[in-house]
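Take a look at the structure set out below.
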2 protein chains.
Amino acid sequence: MRRGRTTIQDVAQQAGVSVATVSKVINARYGVAAATAAKVQAVIEELGYESSLVARSLRSHRTGVIGILVAELEPFTAELLKGAGRAVEGSGYELMVYAAGGPGIERVGWERRNLSRLGGTLIDGAILVAPTVVTPDDTIPLVAVDPHRGRSGLPMVNSDNRAGGRAATEHLLALGHRRIGFLAGRPDLESAEQREAGYRDALAAHGIPVDPALIEVGGYEQERAERAARALLTLPDRPTAVFAANDRSAIETLEIARTLGISVPGELSVVGFDNIPESVMCHPPLTTVDQFIQHMGFDAVELLLRMLAGKTPEQTHLTRPTTLVVRQSSGTAPGRRAPRPAKVAAARSRTTATVARAARA
Amino acid sequence: MRRGRTTIQDVAQQAGVSVATVSKVINARYGVAAATAAKVQAVIEELGYESSLVARSLRSHRTGVIGILVAELEPFTAELLKGAGRAVEGSGYELMVYAAGGPGIERVGWERRNLSRLGGTLIDGAILVAPTVVTPDDTIPLVAVDPHRGRSGLPMVNSDNRAGGRAATEHLLALGHRRIGFLAGRPDLESAEQREAGYRDALAAHGIPVDPALIEVGGYEQERAERAARALLTLPDRPTAVFAANDRSAIETLEIARTLGISVPGELSVVGFDNIPESVMCHPPLTTVDQFIQHMGFDAVELLLRMLAGKTPEQTHLTRPTTLVVRQSSGTAPGRRAPRPAKVAAARSRTTATVARAARA
DNA sequence: GTGAAAGCGCTAACAT
DNA sequence: ATGTTAGCGCTTTCAC
């Protein structure tokens, strides 16, 4: 046995041919005698040789690999990957997920950095998840999922965040809440901005002025979100409900409420956004806005695949609808004695069923 | 603007120095005048240059990237990634997940193929998830998660599958079930084998002979599992309970039961294994064995990190305990009128709480 | 039909 | 302190 990996050199030597010939056999190029090809093939099998993706891509600039670039491997990303995974099946492409290394290090610009590191070589196209800035790089086809604010011109997949934000807030209003706090997300993301717009829409529609004291920025970061939630819940005249811009923040709000001895949904209603699996497993299960993350992952890959095939897709901006999923973290506003309306209960089972179906789709 | 990526060549030219000098600056090597370094650095910023991971790794054989090789991006994998993601934070390493491309193509040997393609270059170490065969490759440090049967000598992380299988079966026995079917998993995986052993253990402990007709192989594959579940449920004298070797198979069993008009848990109890998020979202929510997948991912990365640091870990075989999580898919055996015991209800809330905590850990 | 040689972008010895 | 040279493993002209 040799040390290190088996290289094309080893195969060539063992087969008694040149490296070039082996390469031709591997890539099924013309100009190789059947007998030679067979012999080389046999040696390849024997040695268990597999050509190095790295060396190959450095040279040929075509790898059959799609990159998914994310800042962090957290629930949202994980859901997205499930959808992406299904979309590549049978496409001939493989998936490479590159995680920038946690939430810590220099969020801004990670996608450009990693794109430079991988693009042009290694991956034929990439999906950028919640990118901070994107200099439309013309090296390889790109698709953005849940992108930052402002037109980037990049093909993208997102959801109707504004309608989702509105639905969440309307739900709380329907339950009699009037002081509804908003736990804002990453200010640079269009989605976060739109969810806030939806929140404002709903309040405006009901003639309720927005109270700036009830808006805190959580930024989708654990500590910051916790601080923001605590600020909201320790207000002299605290809100009776909080709409958080994503499920993680909402779950953190649930946590803070628990430490403060505030019962949910008795004294406080909480609504999130995303419908990550964790939103079902927390206590109480979270009312949230489903944005069908798996579908987004699926769509993004499909779009990219089409671009890689050279077809210019007619639709380069895919926006998915969202659905409110009512669970146990939201209830009638304190002081109101309206019983939980029957239609809410009905909505609950329906939407939950939807989720289950989406998970398998 | 140039076409294609910016290379080290471009930087060197623009800065009026040699390529080697630029390389030294990038890698903070000695032998560069402060002034030169500053100038080069400025050009790097200006051009937005980032060195190619591919070219670099081809040469230096050190990348700071850990590979996670999986056959498919499905719920189990996704959970594992969450844990792995947390473990690399602050380690200086980044994570690259490589998905072999769906459940379809040539399952056996995918890990060896991909390892050859990436190893030695691109990744400094790898985690193999549910590998089919592993020729202990000495090129880079390897850790296996949920490995195949037989000693591979590879450092590994798994759970106490036998105890878990026993607990699941004991639970059904305690509910009065006597005809308990088993939906087996991938025969090549040690975990699947152990779960079956646990099942047999429990039956034996209660003096119940194993009925071969009640054992079907699902192989963790959608279609096959569905066929197996259908076979079990259409048996002339069908089982009153089914223990499936993983949650996906269990959820598929739920599905088949529904199409056959068999009510769960009224006429049939179902217990799974894994505790993937989907097990909470299905109908009814699944009773299952939690194997703390996220923790396994965390542990695997930590173990690999230690190996990469050159420390030989004293413990190279990590086995985690499992916990039964009782939800709504299991109930008293038909014909028995024992009310659902109070302690089961108690266990339920406790274990669910455990899950919630684990999810955040 | 086959092999020699150049080069992808980079780093590491070795010169200067 | 800087540049020159030689590859890493592979693909691709282009001779033979």
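Chain A is the first sequence line, chain B the second, and so forth, proteins listed ahead of strands; every chain is numbered from 1. The shown structure was predicted, so the numbers you read here are calculated from the model rather than taken from an experiment.
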Using distance only, find each side-chain donor-acceptor pair of residues 75-83 of chain B under 3.5 Å and give its atom names and separation, not counting sequence neighbours.
residue, atom, partner, partner atom, Å
B/T77, OG1, B/E72, O, 3.0
B/T77, OG1, B/E74, OE2, 2.2
B/E79, OE1, B/Q294, NE2, 2.9
B/E79, OE2, B/K82, NZ, 2.8
B/K82, NZ, A/E278, OE2, 2.7

Legend entry - B/T132/B/D188 under side-chain hydrogen bond (donor to acceptor under 3.5 Å, both in side chains): CA gap, chis, key distance, verdict: CA-CA 7 Å; B/T132 57; B/D188 61 308; 5.5 Å; no
Legend entry - Atom of A/A144, atom of A/L154 and distance for their closest heavy-atom approach: CB-CD2, 4.0 Å
Legend entry - Electrostatic pair B/E94-A/R117, nearest N-O below 4.0 angstrom: yes
Legend entry - side-chain hydrogen bond (donor to acceptor under 3.5 Å, both in side chains) partners of B/T36, counting only residues at least two apart: none
Inset, instruction - Determine, stepwise, if the pair B/R306 / B/E314 fulfils salt bridge (Lys or Arg N to Asp or Glu O under 4.0 Å). - result: CA-CA 10 Å; B/R306 235 189 297 270; B/E314 57 291 347; 5.8 Å; no
Inset, instruction - Please round to 10 degrees the angle between the axis of the first five pairs and the axis of the last five pairs in the helix from C/dG1-D/dC16 to C/dT16-D/dA1. - result: 50°
Legend entry - A/P141 to A/D124 - nearest heavy-atom pair and separation: CD-O, 3.2 Å
Inset, instruction - Taking heavy atoms of chain A and a 4.0 Å limit, find me the 5'-most and 3'-most nucleotide of DNA chain D within that range. - result: D/dG9 to D/dT12
Taking only distance into account, with no hydrogens and no angle test, what donor-acceptor pairs under 3.5 Å do side-chain atoms of residues 45-54 of chain A form with protein atoms, sequence neighbours excluded?
residue, atom, partner, partner atom, Å
A/E46, OE2, A/Q14, NE2, 3.4
A/S51, OG, A/R56, NE, 3.1
A/S51, OG, A/R56, NH2, 2.6
A/S52, OG, A/V54, N, 3.2
A/S52, OG, A/A55, N, 3.1

Legend entry - Passing option when B/V129 is tested against B/L69, B/V97, B/I68 for side-chain contact (heavy atoms from CB on, under 4.5 Å): B/I68
Inset, instruction - Taking all heavy atoms of B/I66 and all of B/I123, pick out the closest pair and write down the distance. - result: C-CG2, 4.2 Å
Legend entry - Nucleic acid footprint by protein, nucleotides 8-16 of chain C - heavy-atom cut-off 4.0 Å, B for base, S for sugar-phosphate alone: BBBBB----
